Amino acid sequence: MAMNDDPERQRRLRELAELHARWQATHRVDDVDFTPEGADSAQRRSPSAQAQREYMRQAREIMGLDPDTGHYRDPE
């Protein structure tokens with residue numbers, strides 16, 4: 001089965017996209033690194049370091065990784 005056809009992978013990618021959209025709206029992020037529209041904006045709003053850490057923890061969790069280290073979790 002191709003990776004693109006893996007339903008679990010597709011679910012995680014959808015969840016990741018939803019997380020990113022919510023995170024951008026919550027933190028009012030508009031920056032070249034996070035949105036194409038922010039690249040030319042004179043009113044860029046970059047995320048704080050805390051907001052970036054929050055996003056990474058949640059994204060790692062969605063992808064099945066340890067939220068603190070980003071490493072694969074040990075099988076239980």
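Please read these numbers as outputs of a predicted model, since none were measured by experiment.
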Approximate separation, where rounding is to 0.5 Å, of [X] [atom1] and [Y] [atom2]:
{"X": "R57", "Y": "I62", "atom1": "CZ", "atom2": "CD1", "result": "12.5 Å"}
{"X": "Q58", "Y": "L16", "atom1": "CD", "atom2": "CG", "result": "10.5 Å"}
{"X": "M56", "Y": "D68", "atom1": "CE", "atom2": "CG", "result": "12.0 Å"}
{"X": "L19", "Y": "M63", "atom1": "CG", "atom2": "CE", "result": "11.5 Å"}

Looking only at atom types and distance, does a side-chain atom of W23 sit under 3.5 Å from a main-chain N or O of A51, one as donor and one as acceptor? yes

Mark yes or no for whether R45, through its side chain, and R28, through its backbone, hold a donor-acceptor pair below 3.5 Å. yes

Take the angle between the ring planes of H20 and Y55 and call it parallel below 30°, perpendicular above 60°, tilted in between. perpendicular

Shortest non-hydrogen contact from P47 toward Q52: O-NE2, 3.4 Å

Hey, any chance L65 and L13 share a hydrophobic cluster, counting ILVMFWY side chains that come within less than 4.5 Å of each other, even indirectly? no

Stepwise, does the side chain to side chain contact (heavy atoms under 4.5 Å, CB included) test hold for R60 with D66? CA-CA 6 Å; R60 288 172 176 168; D66 181 282; over 6 Å; no

List for me each residue that meets salt bridge (charged side-chain N to carboxylate O under 4.0 Å, His left out) alongside R12, sequence neighbours excluded, and say none if there are none. E8

